[in-house]
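Taking it in order: structure first as structure tokens, then the write-up.
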Number of protein chains: 2
Amino acid sequence: MTNKEQILHTALRLFAEQGYDRTPTSQIAREAGVSEGLIFRHYGNKAGLLAAILGAGKAQVDESMQPYARDLDPRAAIAQHIRESIRLVREHRPFWRLVHQMRHQAAVQQAAEPEIDHFHRDIATRLSANFRRLGAAQPELEALLLFAQIDGITLQYLEAPDSYPLDAMQHFLIQKYHDEPFLDQP
Amino acid sequence: MTNKEQILHTALRLFAEQGYDRTPTSQIAREAGVSEGLIFRHYGNKAGLLAAILGAGKAQVDESMQPYARDLDPRAAIAQHIRESIRLVREHRPFWRLVHQMRHQAAVQQAAEPEIDHFHRDIATRLSANFRRLGAAQPELEALLLFAQIDGITLQYLEAPDSYPLDAMQHFLIQKYHDEPFLDQP
DNA sequence: CATAGAAGTGAGTAATCACTCACAAATCTA
DNA sequence: TAGATTTGTGAGTGATTACTCACTTCTATG
């Protein structure tokens, strides 16, 4: 691993553990085994380092969410979305901890926001379409609710990864959507 | 309003808007119209100010969650829980923004954590009991899932209070739990 | 009124932090 | 190998920040 990558990984770990504001660049340099100046040579400033971390993570998400864009039958697509979302969080815990922190920092989101917004709308549109095909009375609200459920589950998992029953919740949620009739109106 | 209260309210507003770490005590003093020294006379240090804010908010939550502790029929209790949770967030937006920020700062939770843990367990127990009485196959998971849904909805509302359809989501969620048979196993 | 304690001030301080810069070492290129 | 470019260093700097403290003003009480 190059020094540049080493800095990125160390910073991600420390930002996730301690928070962006509470992590001095001096600590990142020390734990990455490089001089502090090198951080600024490679990433310009501390915010640039954060942007690089978020950019790299987003690339991975894009890659992972693309394959299942193809049209499965609606119920399978919904189950797949649940599985994939939870898998991402489980496999990239530090990254998602950082993302959740950033959600409450209006000032830092600057550049990342429009892209993330578009990404969300994209998924929400696909999900709504699937619920509509299943005959749901209010497909947009169904999509929002599923979003909220995954958000809440992953949030609580990230707070206590060792004790939270993530597997059980995943299966429980998938089963609920498998059994749901979605035919509320005659 | 006394100066002491003025400091508390100003700090809550600024912490919620900018984050705890990004809000200097000098700014709090300036916007509260007092000297910086007064903050430390009343609250000892910056963390003490934060603790006072969280303590005052928790007292309000306790007060609001107590009345409906009495045993209604299970479905009514669940609906009431949803309504009350969402009402609290809607009426104390800055406070809940702050709470959500603090959830990711392991270091700051120190004192508040045991109390909050107990509080959560208490509500989870009551919710599980209600789901059990309704014949749910996995009442603990049902309680966790309802928790996660409310968490996710309020989180997304706090991110975009002006555009999120909070009322619609509340009614949608209550209706779902009203219609849910909860008799998954023969 | 006298006086004790609480409320309030604001200049000062030590520490921390992000960032710079002059320079050195390593790597590449011709 | 000579020169050019990239990578790396670490002491230094200015700005910011939480907090202190000697002092003043207000308020309550006998």
Side-chain angles (χ1 to χ4, degrees), chain A residues 1-56 94 97-98 101-102 104-112, chain B residues 1-56 94 97-98 101-102 104-112:
Chain A
M1 188 154 35
T2 67
N3 277 340
K4 194 174 175 183
E5 292 167 331
Q6 185 63 43
I7 291 170
L8 208 76
H9 286 116
T10 307
L12 170 55
R13 177 172 58 80
L14 292 174
F15 287 166
E17 284 171 11
Q18 309 175 345
Y20 174 79
D21 287 310
R22 302 179 102 88
T23 302
T25 52
S26 58
Q27 188 187 9
I28 297 170
R30 192 178 340 114
E31 301 202 12
V34 301
S35 68
E36 201 177 346
L38 195 57
I39 293 174
F40 296 94
R41 178 166 301 282
H42 281 312
Y43 298 103
N45 53 36
K46 198 182 173 186
L49 175 55
L50 174 62
I53 292 173
L54 294 179
R97 274 189 67 98
L98 182 57
Q101 280 176 42
M102 289 302 120
H104 303 286
Q105 308 254 7
V108 188
Q109 294 180 329
Q110 333 141 334
Chain B
M1 187 152 38
T2 67
N3 276 340
K4 195 174 175 182
E5 292 167 330
Q6 185 63 44
I7 291 170
L8 209 76
H9 286 116
T10 306
L12 170 55
R13 176 172 58 81
L14 292 175
F15 287 167
E17 283 172 10
Q18 310 177 344
Y20 173 80
D21 288 309
R22 303 179 101 89
T23 303
T25 51
S26 58
Q27 187 187 9
I28 299 171
R30 192 180 340 115
E31 300 203 12
V34 301
S35 69
E36 202 177 345
L38 193 59
I39 293 174
F40 296 93
R41 177 166 301 283
H42 282 311
Y43 297 103
N45 52 37
K46 198 183 171 185
L49 175 56
L50 174 62
I53 291 173
L54 294 178
R97 273 188 68 99
L98 183 57
Q101 281 176 41
M102 289 302 121
H104 302 286
Q105 308 255 5
V108 188
Q109 295 179 328
Q110 330 141 339

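None of the values given here were measured: they were computed from a predicted structure. Sequence lines set the chain letters: A, B, ... in the order given, protein chains first and strands last, and positions in each chain run from 1.
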Quiz item: Has B:H42 got a side-chain N or O lying under 4.0 Å from the OP1 or OP2 atom of C:dG8?
Solution: yes
Quiz item: For residues 31-40 of chain B, which residues have at least one heavy atom under 4.0 Å from DNA chain D?
Solution: B:E36, B:F40
Exercise. Measure from the side chain of A:T25, starting at C-beta and using heavy atoms only, and say which of D:dC19, D:dT17, C:dA18 lies closest.
Key: C:dA18
Quiz item: Could you give the CG-to-P distance, from A:L50 to C:dC19, as a whole number of Å?
Solution: 12 Å
Exercise. Let me know the distance between CD1 of B:I7 and P of C:dT9, rounded to the nearest Å.
Key: 9 Å
Quiz item: Name the one of B:I53, B:I28, B:I7, B:L49 that satisfies side-chain contact (heavy atoms from CB on, under 4.5 Å) with B:L12?
Solution: B:I53
Quiz item: Quick one: does A:F15's side chain get under 4.5 Å of A:Q101's, heavy atoms only?
Solution: no
Quiz item: When the distance from CD of B:Q27 to P of D:dC19 is rounded to whole Å, what number comes out?
Solution: 16 Å
Quiz item: Would you say D:dT7 has OP1 or OP2 under 4.0 Å from some side-chain N or O of A:N3?
Solution: no
Practice problem: Starting from the first five and the last five pairs of the helix from C:dC1-D:dG30 to C:dA30-D:dT1, work out the angle between the resulting helix axes, to 10 degrees. | Solution: 10°
Quiz item: So, B:T10 and B:E31: side-chain donor and acceptor under 3.5 Å apart, yes or no?
Solution: no
Practice problem: Measure from CZ on B:R30 to P on D:dT16 and round the result to the nearest Å. | Solution: 12 Å
Quiz item: Who are the side-chain contact (heavy atoms from CB on, under 4.5 Å) partners of B:F40, not counting sequence neighbours?
Solution: B:T25, B:E36
Quiz item: At under 4.0 Å between heavy atoms, what does B:T2 touch on the DNA or RNA strands: base, sugar-phosphate, or nothing?
Solution: nothing
Quiz item: Starting at CZ of A:R41 and ending at C1' of D:dG10, how long is that distance when rounded to a whole Å?
Solution: 13 Å
